[in-house]
Amino acid sequence: MSATIEPEIGWVQEGLDHLATLVDPSLPGWSRTGFSVQDVEGRHWVAQQMRAAGLSTHVDAVGNVIGTFEGTAPAAPAIVVGSHSDTVPGGGRFDGIVGVLGAIEVARALRRTGTRLTHELRIVDFANEEGNPQGVKLVGSRAIAGTLGHDHLQATDEGGVSLADLISRAGHSPEKVHTCRWDRAGLAAYLELHIEQGPVLERNGAGIGVVTRVCGISTFHLDVHGRRDHAGTTPMDTRSDAMCCGAAAVLAVQRIAAAGSDTVGTVGALTTTSPLTNVISNFARVTGEFRSPHMAGLRALAEELEADIPRLDAAHRTTSSLSWGHTDPPAVMDRHLSDVVVGAAATVGHEAVRLYSGATHDSVQMSQLAPAGMIFVPSAGGRSHCPEEWTELTDIERGVRVLIQAVLDVDTGFAGS
């Protein structure tokens, strides 16, 4: 086996430990939600690390932190490596963060060994991958891909705060979102290191995963209208209880998704106009999503839920309306680039397993600009988006080694699809 470049995994550990201190004390776990005070502070630290690694660094109009390492052929398209450092509320220490620190360590390793790439190396900490109360995921990578539209920026939370407001309050300039867009002609490939967030690698005793495709997501609101009545005097068989219909819809989402292959459905909220137990609810809202590896699967899930609503209304004497929010189609990772990653894993002594990702990633948006590939490392117990999220340092080191080698291999031989 030829000599490979080894990462300084101690530096990655120090980065994980430091970012774990920049969290919201009012929330559980390691919470650094997008555009929060903690997120801004974390991104400032990430920018400092990029500069220390020798990268020319700037922050764009929506908060993406971008560092560049010039290649020996200025006209060659860039190799992009990145992930995100924001978390969900109550999240863990590894989701996204491993990929950001791993990407910076690629630059550090190249500089440490005096290795120059032919292509420019471009490293990104994408802004607000995890989404926000306005319901928009992948904010930073959407801006770079040119798909963060006016409707996204004007989406509001329950208090009327728009996504544009949220971005502005963090010190950025959403009115200049057009300046964030990248030219696909200037990009050679996109690579992302990430924790799996599921149990497949651990169950199979595998240390490295290479992603074949990333799920598509459809979000929805179901508004249920019933009749307000006294809870003590209205017989059960004459009620028009919006909350009961909403609860039945939650179970319908579970049943519909469970019947599919690799499909999932989740309800994030069931809300009502009154929390009182002596009043029958006249309104309820069910907020949820479906995920599938295929657009046909998303369409089938949507059709089944739409077909089920009249039955639910008839059973509960209610009237419901279903509205669909954002639909992000599944993204297929580039087969040739994935082959390069599999080969890079073999070069550094590891066999890679190919697998599907039921979690969405910035690679979904980046795959619209360039061939995209993802490297997964195991998640203990398959746990993620929770304080118990954990990935062993030895697994992270393995992933960073594969990432470094993959960048080198793309630089020397990858010609795209």
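The structure displayed is predicted, hence computed values, not measured ones.
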Query raised in the report: Salt-bridged, Asp60 to Arg181, with N to O below 4.0 Å?
Result: no
**Report entry** Glu389/Arg93 ion pair, N-O < 4.0 Å
**Finding:** no
Requested in this report: Evaluate the side-chain proximity of Met366 to Trp182: yes if any heavy-atom separation is below 4.5 Å, no if none is.
Outcome: yes
Report summary line: Residues pairing under salt bridge (charged side-chain N to carboxylate O under 4.0 Å, His left out) where one sits in residues 290-299, two or more places apart or in two chains, turn out to be Glu289-Arg291
Query - Donor-acceptor pair, side chain of Ser367 and main chain of Ser363, under 3.5 angstrom - result: yes
Query - Over 12 foreign heavy atoms within 6.0 Å of CD, Gln368 - result: yes
Query raised in the report: Is Phe126 close to Ile144 at the side-chain level, that is, under 4.5 Å between some pair of heavy atoms?
Result: yes
Query - Arg111 side chain vs Ala52 backbone, donor-acceptor pair below 3.5 Å - result: yes
**Report entry** Side chains of Trp390 and Glu392, donor plus acceptor under 3.5 Å
**Finding:** yes
Query raised in the report: Given Leu408 and Leu110, is the side-chain contact (heavy atoms from CB on, under 4.5 Å) satisfied, shown in steps?
Result: CA-CA 10 Å; Leu408 293 172; Leu110 295 176; 4.0 Å; yes
Query raised in the report: Yes or no on side-chain contact (heavy atoms from CB on, under 4.5 Å) for Asp24 and Thr33, after CA distance, side-chain angles and deciding distance?
Result: CA-CA 8 Å; Asp24 187 341; Thr33 57; 5.6 Å; no
Query raised in the report: Side chains of Gln38 and Ser31: do they bring a donor and an acceptor to under 3.5 Å?
Result: no
Query raised in the report: Are the side chains of Lys137 and His326 in touch, meaning some heavy atoms are under 4.5 Å apart?
Result: no
Query raised in the report: Less than 4.5 Å apart, any side-chain heavy atom of Cys215 and any of Ile217?
Result: yes
Query raised in the report: After noting the C-alpha distance and the side-chain angles of Trp11 and Ile104, does the key distance pass the side-chain contact (heavy atoms from CB on, under 4.5 Å) rule?
Result: CA-CA 10 Å; Trp11 178 86; Ile104 297 172; 3.5 Å; yes
Report task. Answer yes or no: is there a donor N or O on one side and an acceptor on the other, between the side chain of His294 and the main chain of Ala296, under 3.5 Å? Result -> no
Query raised in the report: Does Ile97 offer a backbone N or O that forms a donor-acceptor pair with the side chain of Ser85 under 3.5 Å?
Result: no
Query - Test item: Phe290 and Leu305 side chains (from C-beta on) under 4.5 Å apart, heavy atoms - result: yes
Query raised in the report: Any chance CD of Glu304 has more than 12 other-residue heavy atoms, nucleotides or ligands included, within less than 6.0 Å?
Result: yes
Query raised in the report: Does the side chain of Ser162 pick up a donor-acceptor pair with the side chain of Asp165 at under 3.5 Å?
Result: yes
Query raised in the report: Distance-only, no hydrogens or angles: does the His18 side chain make a donor-acceptor pair with backbone N or O of Gly15 under 3.5 Å?
Result: no
Report task. Please determine which of Asp362, Val211, Leu191 meets the side chain to side chain contact (heavy atoms under 4.5 Å, CB included) test together with Met374. Result -> Val211
Requested in this report: For Thr273 and Asn282, test the side chains for any donor-to-acceptor distance below 3.5 angstrom and give the result as yes or no.
Outcome: yes
Donor-acceptor contacts under 3.5 Å from residues 193-203 side chains, at least two apart:
unit_1 : atom_1 : unit_2 : atom_2 : d
His194 : NE2    : Asp95  : OD1    : 3.0
His194 : NE2    : Gly96  : N      : 3.4
Glu196 : OE1    : Val200 : N      : 3.4
Glu196 : OE1    : Leu201 : N      : 3.0
Glu196 : OE2    : Val200 : N      : 2.9
Gln197 : NE2    : Asp95  : OD2    : 3.1
Gln197 : NE2    : Ser384 : OG     : 2.9
Glu202 : OE1    : Gly381 : N      : 2.9
Glu202 : OE2    : Gly381 : N      : 3.2

**Report entry** Donor-acceptor contact below 3.5 Å, side chain Asp223 vs main chain Arg285
**Finding:** no
Query raised in the report: Taking C-beta and beyond as the side chain, do Val341 and Ile208 meet within less than 4.5 Å on heavy atoms?
Result: no
Query - Residues Arg112 and Glu105 bridged, charged N to O under 4.0 Å - result: yes
Query raised in the report: Is the side chain of Asp313 donor-acceptor paired with the backbone N or O of Ser320 at a distance under 3.5 Å, no angle test?
Result: yes
Query raised in the report: Does the side chain of Trp324 reach to within under 4.5 Å of the side chain of Glu306, using non-hydrogen atoms?
Result: yes
Query raised in the report: Any luck finding a side-chain donor-acceptor pair between His119 and Asp411 under 3.5 Å?
Result: yes
Requested in this report: Without swapping roles, check the side chain of Thr57 against the backbone of Leu55 for a donor-acceptor pair under 3.5 Å.
Outcome: yes
Query raised in the report: Taking NZ, NE, NH1 and NH2 as the nitrogens, is one of them in Asp328 or Arg142 under 4.0 Å from a carboxylate oxygen of the other?
Result: yes
Query raised in the report: Residues two or more places apart in sequence or in another chain: which of them pass salt bridge (charged side-chain N to carboxylate O under 4.0 Å, His left out) with Asp308?
Result: Arg255, Arg311
Query raised in the report: Could you walk me through whether Leu117 and Phe69 pass the side-chain contact (heavy atoms from CB on, under 4.5 Å) check?
Result: CA-CA 9 Å; Leu117 302 180; Phe69 193 17; 5.8 Å; no
Query - Residues Glu6 and Thr4: side-chain donor-acceptor under 3.5 angstrom - result: yes
Query raised in the report: Would you say Ser357's side chain and Ala359's backbone share a donor-acceptor pair under 3.5 angstrom?
Result: yes
Query raised in the report: Is the side chain of Arg43 donor-acceptor paired with the backbone N or O of Asp125 at a distance under 3.5 Å, no angle test?
Result: yes
